[in-house]
Every structure is written in C-alpha cells, then in structure tokens.
Amino acid sequence: MGIAALVTWIITALGGAVLLGTWLSRGGLRAPVVGAATRFPPALIFGHFLLAATGLVLWIVYLITDADALTWVALVILVVVALLGLTMVTRWRRDRSTLIGAGVNPARPPEQHFPVAVVYLHGLLAVTTLVLVLLTALGVGS
C-alpha cells in the first residue's frame, strides 16, 4: 500500500504542479486587474503546495525507514492539505458556474484558466492517496 500511495501522491503532485504553473503564468501573483483578480490568496495556494510537498517527503522517509509514526504524521498533514484543496475547488467551481451563467467572457481570474480535467483528476488522485495513506497507517495490506 505504501508504494501505491507514493505513486498516486507523485502523480497528484504533477497535476498540482500544472495547476500552480497555470495560476502563476496567468497572473496569480500580479496586481489584480479589474474583474480578473484571483479568488485564491497566495497563502492558500502556497500553503497547500508546501504542506503537500512536506507530506510527500515524509512519506518517502517513511518508506525508507519504516518508522510507523511517520504514517500518522503524513496522514494528518494530508488531511490539512485536503481541506485546503477542498476550499480551493469549492471557490473554483462557484466562480466557474458564475462565469458560465453570465453568458459573457469577462476577464477571468487566473484559476479560471485551469484545465478542468486536471482539476478533477488532481482531486480524484488526492482522495485515492488519502485513502491509501490511511490504509497503510492502519496496517491494512502489510
């Protein structure tokens, strides 16, 4: 289970890198343009990224050392990462439906340039990773 969690975590991270790169390249950190300001505070975006990366490093250390306590630390970090991600996807979906419902193409916030498939795949893989980490922490399949 631990290796499967590592694989899904790495693929999830790659999807997250695409989303972060899109957000940055579309002006996520620049001064807001009227109607196109990001709805994602940088602390939310970078907190999600840094905690996920920290958890991934701890998971790799766990796999190398087999220190069971690290599974629980990684799981707690992953739950916080998931809550931050849920906050972002909720805002993203709400704003997306508002823009689509308006029927016009106003200036879009940086996060509204995210590839839809990547957003949903990132979330699906994140949930899968969370479940695999939980199962590993519980000792299922070992």
Side-chain angles (χ1 to χ4, degrees), residues 1-33 35-103 105-142:
M1 286 280 170
I3 297 296
L6 177 64
V7 170
T8 60
W9 206 325
I10 289 170
I11 297 169
T12 303
L14 292 173
V18 168
L19 298 173
L20 179 60
T22 301
W23 185 78
L24 289 170
S25 70
R26 295 297 184 150
L29 289 177
R30 285 189 229 129
V33 175
T38 183
R39 308 309 194 273
F40 292 180
L44 178 62
I45 290 265
F46 290 113
H48 178 77
F49 166 74
L50 291 173
L51 282 171
T54 300
L56 178 57
V57 169
L58 284 175
W59 194 253
I60 292 167
V61 171
Y62 156 70
L63 291 173
I64 293 168
T65 65
D66 199 29
D68 289 337
L70 288 179
T71 62
W72 293 103
V73 175
L75 179 64
V76 168
I77 290 172
L78 204 49
V79 167
V80 174
V81 169
L83 292 172
L84 294 174
L86 188 58
T87 299
M88 287 188 286
V89 78
T90 301
R91 288 181 185 183
W92 176 79
R93 288 189 62 195
R94 183 188 61 230
D95 292 347
R96 183 171 174 75
S97 65
T98 301
L99 288 172
I100 291 171
N105 191 9
R108 296 186 299 165
E111 59 273 9
Q112 291 306 321
H113 294 274
F114 289 165
V116 175
V118 175
V119 170
Y120 287 114
L121 186 60
H122 180 72
L124 176 65
L125 287 167
V127 170
T128 302
T129 302
L130 186 61
V131 169
L132 290 170
V133 168
L134 175 61
L135 291 174
T136 302
L138 292 172
V140 176
S142 57

Problem set entry | Distance (rounded to the nearest 0.5 Å) between T90 OG1 and R39 CZ | 15.0 Å
Exercise. Can D68 and D66 be said to form a side-chain contact (heavy atoms from CB on, under 4.5 Å), step by step?
Worked result: CA-CA 6 Å; D68 289 337; D66 199 29; 3.9 Å; yes
Seminar exercise, completed: Heavy-atom nearest pair, P41 first then R91, reads CD-NH1, 3.2 Å
For this session: Carefully, step by step, assess F46 and L29 under the rule side-chain contact (heavy atoms from CB on, under 4.5 Å).
Result: CA-CA 11 Å; F46 290 113; L29 289 177; 3.9 Å; yes
Exercise. Between W92 and V116, is any pair of side-chain heavy atoms under 4.5 Å apart?
Worked result: yes
What pairs of donor and acceptor atoms, side-chain ones from residues 121-131 against any protein atom, are under 3.5 angstrom apart with sequence neighbours left out?
{"residue": "H122", "atom": "ND1", "partner": "T12", "partner atom": "O", "Å": "2.9"}
{"residue": "H122", "atom": "ND1", "partner": "G16", "partner atom": "N", "Å": "3.3"}
{"residue": "T128", "atom": "OG1", "partner": "L124", "partner atom": "O", "Å": "2.9"}
{"residue": "T129", "atom": "OG1", "partner": "T8", "partner atom": "OG1", "Å": "2.8"}
{"residue": "T129", "atom": "OG1", "partner": "W9", "partner atom": "N", "Å": "3.4"}
{"residue": "T129", "atom": "OG1", "partner": "L125", "partner atom": "O", "Å": "2.8"}

Problem set entry | Option among T22, L14, L20 that satisfies the side chain to side chain contact (heavy atoms under 4.5 Å, CB included) test with V18 | T22
Seminar exercise, completed: Nearest heavy-atom approach of G27 to P110 is C-CG, 3.7 Å
For this session: With rounding to the nearest 0.5 Å, note down the distance linking CG in L135 to CE in M1.
Result: 5.0 Å
Exercise. Looking only at atom types and distance, does a side-chain atom of E111 sit under 3.5 Å from a main-chain N or O of W23, one as donor and one as acceptor?
Worked result: no
Seminar exercise, completed: Note: T38 and P109 closest approach over all heavy atoms is CA-CB, 4.2 Å
Donor-acceptor contacts under 3.5 Å from residues 72-84 side chains, at least two apart:
none

For this session: Evaluate the side-chain proximity of P115 to L19: yes if any heavy-atom separation is below 4.5 Å, no if none is.
Result: yes
Would you give me the side-chain donor-acceptor pairs under 3.5 Å for residues 56-64, sequence neighbours excluded?
{"residue": "W59", "atom": "NE1", "partner": "G2", "partner atom": "O", "Å": "3.0"}

Exercise. Between atom CE of M88 and atom CZ of F114, what is the distance when rounded to the nearest 0.5 Å?
Worked result: 7.5 Å
